[in-house]
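Naming convention: chains lettered A, B, ... in sequence-line order (proteins, then strands); numbering from 1 in each chain.
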Number of protein chains: 2
Amino acid sequence: MTTMAGRATIREVADAAGVSRQTVSNSLIHPERVKGPTLERVRRVIDELGYRPSNAAQSLRSQRTGAVGFELNATGSATRNAVSFPFVLALSERAPAHNGHIVTFGTTSEHPLLSGYEDMVRSQLVDAFILADTHEGDPRPDWLDGARIPYAAFGRLWGRPELTSWADVDGAHGLRIATEHLLAQGYSTVGFLGWPAGSQVGDDRRRGWAAVHEDRSMPLGPEAMAVQDLGAATAAAGPLLDQVGRGGAIACASDMFALGVERAAAARGWRSGTDIGICGFDASVIAEIESLTSVALPLYEIADHLLGLLQDRLGGAPPPAAGLLVEPGLTIRSSSTR
Amino acid sequence: MTTMAGRATIREVADAAGVSRQTVSNSLIHPERVKGPTLERVRRVIDELGYRPSNAAQSLRSQRTGAVGFELNATGSATRNAVSFPFVLALSERAPAHNGHIVTFGTTSEHPLLSGYEDMVRSQLVDAFILADTHEGDPRPDWLDGARIPYAAFGRLWGRPELTSWADVDGAHGLRIATEHLLAQGYSTVGFLGWPAGSQVGDDRRRGWAAVHEDRSMPLGPEAMAVQDLGAATAAAGPLLDQVGRGGAIACASDMFALGVERAAAARGWRSGTDIGICGFDASVIAEIESLTSVALPLYEIADHLLGLLQDRLGGAPPPAAGLLVEPGLTIRSSSTR
DNA sequence: TGCCACAACTTGATCGTTCAAACTCACCCT
DNA sequence: AGGGTGAGTTTGAACGATCAAGTTGTGGCA
């Protein structure tokens, strides 16, 4: 393949190979329609000229760009962003396998959010969107549905059971395996630190922790609640440590909470892992730096599902029958090994 | 603007307004060529139909997509990624102001890196690239130059003074303002925790810290070196704390180091801010969570410069005379306020 | 030999936009 | 009145790909 600035067009390849444009096109898309020797000749020329079909021309013809939009949000909390980044990464890596690519955009004040989404579709910049950080009362799913703009969400669309274009982490399962892991490591009691009851994500995670106790006919361990803030988490962790005692463990609904538990434990001279087991949720950069065991989000599976879903919808398929819950794994580090 | 799935084309607008395609096109790009009443009529119809020019058609015509590629790297350390995310965000937000948008891609093993870059340009998926995490001996700048593919780098191209398509944070200035801030806060001595000598980024930052002392004819404070790892940072911070003593401060070359200092200080019962001043570098999520004062990267200025640079190069302009150093600011938090 | 079927390949038209060239017409000057 | 000027607008062509419809040629069979 030669390295030259001017890109080769299908016509140049056709001329060089002594065939027509269509034969070149067929060689790439429907090779079975081209006779052996011809196919080989065309392929050699394609290789020599470094020909790649123009995405712009293909988009114009097919009325499909292959691009999926993803909004990056500056206003998200540090914790949210800690998940957003690995997720864009997963999307970007998996997109080619779905014949697409990812276009990121930020919400600047100039665009009143939703019309910005519409503009991107109207101008054929993207075919569809992937939403993250969907929250209860999020106007985007409804609005996009109304505008007939395809989308798929990372995160359950909690208030709207009829909207099924989503994939999410099975939070209950995450806390289940976290709790089971801590018990298997020999920690005496497993407490839970999460958000105040009523948060759907939080309640879901707590359910997994509680379920393990029920399965084993064990009395429920101690629990505490805090808002998503290091100070609050550390403060709430204190009493919890008293209850589980040295040799116990705490499963947390987020890495921030796990960090708080670690700080509280360190303050009383307890070493994480040895004196107290700790497990976080998200396996974010925080957990990595602090060497905290954490529930690892199955971001690649989720990215694959969402991208596949969009591809199907763009191909005319009806919405899926239901959303998809994906089971997370566990990244084990020193905070849960004695 | 009506909300309908089918996008309006320029022809539909032209017909509805009783003018030709070209007049519609002119109304958007060269309004001065269109007579007042006609212009108004066309604009009204555009608004009514919600017309937006097709990016695909424009790209085909102009041989320019407006897309800038940015590689997201899974292999980067947690710290690197902590900067990457806010940077993609800045790029995504600023791109529209430069008539462009950002396409992210991951380096999957299927593509041998560099040819992946070339493929994206050949297939007209992107016009140019923005590079981050450029390191000494990075093959990309040279290779892209050779392939005549426009790029702009976030980070000096250290080994190659003849390559000028970059913008970087003025690290010396960052440590200068950090050191000055700590002294102004009344901390007695300001030490420095950085990477082992020889790292160009590290030496640059250290220079700013040293310069403040020289300016004020003060003896240089104590310093220590460590690798970019929390354990190493905490270990190196211990002796440094002994040297600056309670009431002193430490300016760090990264947030990870600052966190290490905080851990070491906490271990001896010193409260950050009150007993010891701490300042990090990057103002990353780590600093935010731990409430650490930190040097804040001017990511939006850098994004603007790089995007503008690419736009110029695509317009045929020669490479810039020199790279650009942008002065960072300071995000002041409790770790440097008594 | 004549006809059909089918494989292999080519040609024309189209996607939506913009540049360049052509056209129209009111206006001015001689 | 005739011709030139120029503002305002229209038309044709092109960007590069693919679908649909056309053409060519080979082989089989009656």
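- Contact check for S165(A) versus R313(A): side-chain heavy atoms found under the 4.5 Å cut-off.
- Rounded to a whole Å, the NE2 atom of H30(A) is 15 Å from the C1' atom of dA8(C).
- Looking at the side chain of A57(A), the nearest of the listed nucleotides dC19(C), dA17(D), dC15(C) is dA17(D).
- Between D304(B) and H98(B), the side chains place a donor N or O and an acceptor N or O closer than 3.5 Å (distance only, hydrogens not considered).
- The CG-P distance, from L60(B) to dA14(D), rounds to 13 Å in whole Å.
- In this structure, R11(A) places its CZ atom 11 Å from C1' of dT10(C), rounding to the nearest Å.
- Taking the side chain as every heavy atom from C-beta outward, F129(B) and I149(B) approach each other to under 4.5 Å.
- A close approach under 4.0 Å does not occur between any side-chain nitrogen or oxygen of Q58(A) and OP1 or OP2 of dG16(D).
- Going from atom CD of E12(B) over to atom C1' of dT17(C) covers 14 Å, rounded to whole Å.
- Across the protein-nucleic acid pair, R122(A) atom CZ and dG16(C) atom C1' stand 15 Å apart, rounded to whole Å.
- Across dT17(C), dG16(C), dG16(D), the shortest atom-to-atom separation from the side chain of Q63(A) is found for dG16(C).
- Between R64(A) atom CZ and dT18(D) atom P there is a gap of 15 Å when expressed in whole angstrom units.
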Footprint string (nucleotides 5-13 of chain D, 5' to 3'): B base within contact, S backbone only, - free, heavy atoms under 4.0 Å: ---SSBBBB
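- Considering only side-chain N and O atoms, S25(A) lies under 4.0 angstrom from the phosphate OP1 or OP2 of dT18(D).
- Contact check on R140(B) versus E71(B) returns a salt bridge, with a Lys/Arg side-chain nitrogen under 4.0 Å from an Asp/Glu carboxylate oxygen.
- Side-chain polar atoms of S54(A) and Q124(B) form a donor-acceptor pair below 3.5 angstrom.
- Side chain of T164(A) to backbone of P320(A): a donor-acceptor contact under 3.5 angstrom is found.
- Rounded to the nearest 0.5 Å, atoms CG (D127(B)) and CD (Q63(B)) are 10.0 Å apart.
- At whole-Å resolution of the value, CZ in R7(B) and C1' in dG16(C) are 12 Å apart.
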